[in-house]
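Predicted, not measured: the structure shown is a model, and the values here were computed from it.
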Amino acid sequence: MNKKKKPFLGMPAPLGYVPGLGRGATGFTTRSDIGPARDANDPVDDRHAPPGKRTVGDQMKKNQAADDDDEDLNDTNYDEFNGYAGSLFSSGPYEKDDEEADAIYAALDKRMDERRKERREQREKEEIEKYRMERPKIQQQFSDLKRKLAEVTEEEWLSIPEVGDARNKRQRNPRYEKLTPVPDSFFAKHLQTGENHTSVDPRQTQFGGLNTPYPGGLNTPYPGGMTPGLMTPGTGELDMRKIGQARNTLMDMRLSQVSDSVSGQTVVDPKGYLTDLNSMIPTHGGDINDIKKARLLLKSVRETNPHHPPAWIASARLEEVTGKLQVARNLIMKGTEMCPKSEDVWLEAARLQPGDTAKAVVAQAVRHLPQSVRIYIRAAELETDIRAKKRVLRKALEHVPNSVRLWKAAVELEEPEDARIMLSRAVECCPTSVELWLALARLETYENARKVLNKARENIPTDRHIWITAAKLEEANGNTQMVEKIIDRAITSLRANGVEINREQWIQDAEECDRAGSVATCQAVMRAVIGIGIEEEDRKHTWMEDADSCVAHNALECARAIYAYALQVFPSKKSVWLRAAYFEKNHGTRESLEALLQRAVAHCPKAEVLWLMGAKSKWLAGDVPAARSILALAFQANPNSEEIWLAAVKLESENDEYERARRLLAKARSSAPTARVFMKSVKLEWVQDNIRAAQDLCEEALRHYEDFPKLWMMKGQIEEQKEMMEKAREAYNQGLKKCPHSTPLWLLLSRLEEKIGQLTRARAILEKSRLKNPKNPGLWLESVRLEYRAGLKNIANTLMAKALQECPNSGILWSEAIFLEARPQRRTKSVDALKKCEHDPHVLLAVAKLFWSQRKITKAREWFHRTVKIDSDLGDAWAFFYKFELQHGTEEEVRKRCESAEPRHGELWCAVSKDIANWQKKIGDILRLVAGRIKNTF
């Protein structure tokens, strides 16, 4: 039996033991474990407990609060740096090593605080001072007044009244008034009682107020108490709009009465009240209180100083603005009585009065002010008949014969013959008026005009316009040799009379002469004044700026005169000759350009570009022999010049003289061998389909110039054309060993591998090229396009993101990125592109294409114009613009502009222009071919 007895029987259970836990049972607690339940209001066992702790509920609350104080481990109370608000270990015992640790940390904090103490206190002090300067205390604001209290005597202090609330009871205890609107039914109910009084006196209807027996039939300024048509008789209906008008009329009348009953005077600044009035008068339906204040102010001014004209004018205008025209007229007429010698008051009165009354007012004004020009002009304006106007102005000239304004107004109304007679008299009365002298000279014959201008110079020796007019007169009558003398005499005479020669003013006068067609005068003025007031070292720079300014103002003859003068002073300056040549090319004729270039090469025979411009001009005009002779002269002046050799070769090859071109290139290779000369030789044989000769020349060239990448490219392309892919790959690889930084070579090799289906090898080649040429947008772009062509759009987008990180300011990458996006995101991408590359032509072109794809034709055209203006050498922009205009506008203008711009660059453009099959195509033909390849798939 003892053997079968379990060893744990009769032993106490382990701590935390729950019977049956292994088979899934759970423990439970019974009432016997925790004791009997107690009510919250039951007293505690301690009969001497303090208040607030005598019930079971109080004890429970206390224990709960203590638990809350111990720790709050809620996630909302957690901070990454400080942890929880309370200490996680506050409930644990505080031992000696804790105390030592706290002491060490406290010492560290104190030490760190002392290190930054001075800096922190200084910063806090500055912040407090700054804050006090921005927001001073009230005590500081009144500190200056407090200091003045020291000067207050005892009598002044005692005479200060006690502070009290001076407001009345209603203001001290405001109560909001309750306003209940009267319903319309109330008016309808009592409407019948007013039927016997609904008729209105016709005179009230006509004048809007009571008639008075005042002489002249003036209406009173007070509108009538009844508004016409307030009620509709016999209908029983009510017009609420009329009631509103009646209320406004009544209020206006009361305000007028109040303003007229003001007694006493106010001290007003008579100079500043007009400004106050402008700030108070409402433009339309303003505040009644502002109008009332303005009336009071102006009335006070009128009473203070009744002979002050602006007070009457301002008062009349106030009433005019508020709609009381009759009151305004009465006030201004009163003003004319008080200020009969004021022009402004009479003119204001004439403005406010109706037609015939205004004439009477002006007639009265003339009697008081017979010398006033403005009043006579106003009188003439009031007349509607031309004869009456003439009569008024002639009468005015009898009283004021020396008024230029009156003479001009009178002359404008006359026929030319009568005007000439009047101007003859006018210049006698006003001999110092340049305008009258010049007007008379224009109306006279040539001989008489010369006499008139001579007299004008005698009377006004300090005015330049008379001299310039004399020069224009001589030019108009064919005496161009006199023009230069007159302008030179003008400068001398004006200086003798103490007049400072203002260069800018004279240049403006010359531009006006240019616009008027007086070319000789314009050029004479320019030659006379262009060198005045300029330092010797600044002459060239200043003159070139002046020429550009004249071109911008469309004064081409002025610019031509400046260039001619500059070339006289600097005959050996190549840059000045070039500027003048480009000016003639853009704004002159072919003959003028060729004449200028002949002079240019005579003075600067070493300037190759001038020779080439002359030869090209002759060639474009179809004169090939003349172009050859110019190039022959250029050879003599510049032996062994590569540019001239190549120009001669181009001239011959363009005119189908291939044998001549071959001989020239052979001579050039022997006398002036350069990489470009060899390249042109290879190209000439290639386009003539002499592949064997082209390859031999290419091999010879590479022996001399193995670091010239274009030769390697041509070698590879010739092999590729012959379908010899292995040899082409070998040529590109050899070229890359010699020229590892040539982007076109890398692109050709990559495209060759892609063409034969080796996509992985093409990708590897581009990665290798990017390692050797970091931050190269062209290589990144090709990588993106390679993945896109392979259908791997996700990889293309990833590569584009990397490319934009490495080349954030590359316009060509941003332009491609715009169209890699889905349509809804393209606009946002274009905005980002414009922020990074605001003036990049590729980005501008992409934005234009984006607008085109959205059918926003006007905006697209505007952006195309902007693109070709920023970079006229980008052929792709011209091609897209031409394609756009083919569909939506006039393409001919774009073609002409493109031919004059002669673009040379652009991915699509170069693909067509450098194709061997298109080597003799003109710019217009290439434009059409490129536009034909463009598909509207963007």
Side-chain angles (χ1 to χ4, degrees), residues 741-744 746-747 750 763 766-767 769-790 792-881 883-884 901 903-911 930 934-938:
H741 300 298
S742 171
T743 303
W746 287 107
L747 297 182
S750 165
R763 191 180 289 127
L766 287 172
E767 286 181 8
S769 71
R770 294 202 304 272
L771 288 173
K772 292 198 174 186
N773 301 280
K775 296 184 179 180
N776 189 313
L779 295 173
W780 276 108
L781 182 63
E782 184 63 22
S783 301
V784 172
R785 287 179 176 171
L786 177 69
E787 304 299 344
Y788 195 81
R789 288 193 293 267
L792 304 171
K793 295 185 180 179
N794 290 335
I795 298 178
N797 287 324
T798 307
L799 276 174
M800 179 58 76
K802 289 181 181 177
L804 289 174
Q805 283 181 343
E806 191 168 320
C807 311
N809 297 318
S810 168
I812 197 167
L813 284 176
W814 277 106
S815 63
E816 187 75 14
I818 291 172
F819 291 98
L820 280 179
E821 297 287 339
R823 282 186 181 272
Q825 280 78 45
R826 287 180 182 177
R827 182 181 178 84
T828 308
K829 200 73 172 178
S830 67
V831 172
D832 296 339
L834 285 170
K835 286 179 183 175
K836 288 286 185 181
C837 317
E838 186 180 358
H839 301 295
D840 190 282
H842 295 94
V843 174
L844 298 181
L845 178 60
V847 174
K849 287 155 63 179
L850 182 63
F851 282 126
W852 184 10
S853 68
Q854 296 170 352
R855 300 293 184 270
K856 295 180 179 176
I857 305 304
T858 307
K859 282 191 174 182
R861 183 176 285 114
E862 178 187 337
W863 282 86
F864 276 125
H865 277 295
R866 200 176 296 181
T867 307
V868 297
K869 185 177 181 182
I870 279 185
D871 187 2
S872 60
D873 192 46
L874 184 63
D876 291 3
W878 288 108
F880 276 102
F881 195 7
K883 179 81 172 182
F884 171 80
R904 289 283 180 270
H905 296 90
E907 187 179 1
L908 298 173
W909 185 271
C910 289
V930 178
I934 295 171
K935 308 296 181 187
N936 292 32
T937 54
F938 43 82

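Between the side chain of W878 and the backbone N or O of S872, at least one donor-acceptor pair lies under 3.5 Å.
Here the straight-line distance linking atom CD of E821 with atom CG of D832 works out to 9.0 Å at 0.5 Å rounding. Between the OG atom in S830 and the NZ atom in K849 there is a gap of 12.5 Å [rounded to 0.5 Å]. Interatomic distance, E907 CD to R785 CZ, rounded to the nearest 0.5 Å: 4.0 Å. Considering CD of E787 and CZ of R789, their distance stands at 10.0 Å, rounded to 0.5 Å. Taking CZ of F881 as the start and CG of L874 as the end, the distance is 13.5 Å to the nearest 0.5 Å. Atoms CD and CG, on Q805 and L813 in that order, are 12.0 Å from each other to the nearest 0.5 Å.
Contact annotation: the side chain of R770 approaches that of E767 to within less than 4.5 Å [non-hydrogen atoms, C-beta and beyond]. The shortest side-chain heavy-atom distance between V784 and L820 falls under the 4.5 Å cut-off. Contact check for W814 versus L834: no side-chain heavy atoms found under the 4.5 Å cut-off. Side-chain contact between S853 and R823: present, with at least one pair of heavy atoms (C-beta onward) separated by less than 4.5 Å. Inter-residue side-chain proximity for W746 and K772 is flagged as met; some heavy-atom pair is nearer than 4.5 Å. Counting heavy atoms from C-beta on, the side chains of F880 and L908 come closer than 4.5 Å. Side-chain contact between L850 and W863: absent, with no pair of heavy atoms (C-beta onward) separated by less than 4.5 Å. In this structure the side chain of I870 never reaches within 4.5 angstrom of the side chain of D840, judged on heavy atoms.
Side-chain contact annotation: N776 with T743, donor-acceptor N/O pair under 3.5 Å present.
Across every non-hydrogen atom of P903 and W909, the tightest pair is O-NE1, 3.4 Å. Between D873 and R904, the shortest heavy-atom contact is OD1-N, 2.9 Å. Heavy atoms only, all atoms of each residue included: N809 and K836 are closest at OD1-O, 3.9 Å.
Using a 30° and 60° split on the angle between ring planes, F884 and F864 fall in the tilted class, from 30° to 60°.
Salt-bridge check for R866 with E862: passed, with a basic side-chain N closer than 4.0 Å to an acidic carboxylate O.
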**OP:** Carefully, step by step, assess E816 and Y788 under the rule side-chain contact (heavy atoms from CB on, under 4.5 Å).
**Re:** CA-CA 11 Å; E816 187 75 14; Y788 195 81; over 6 Å; no
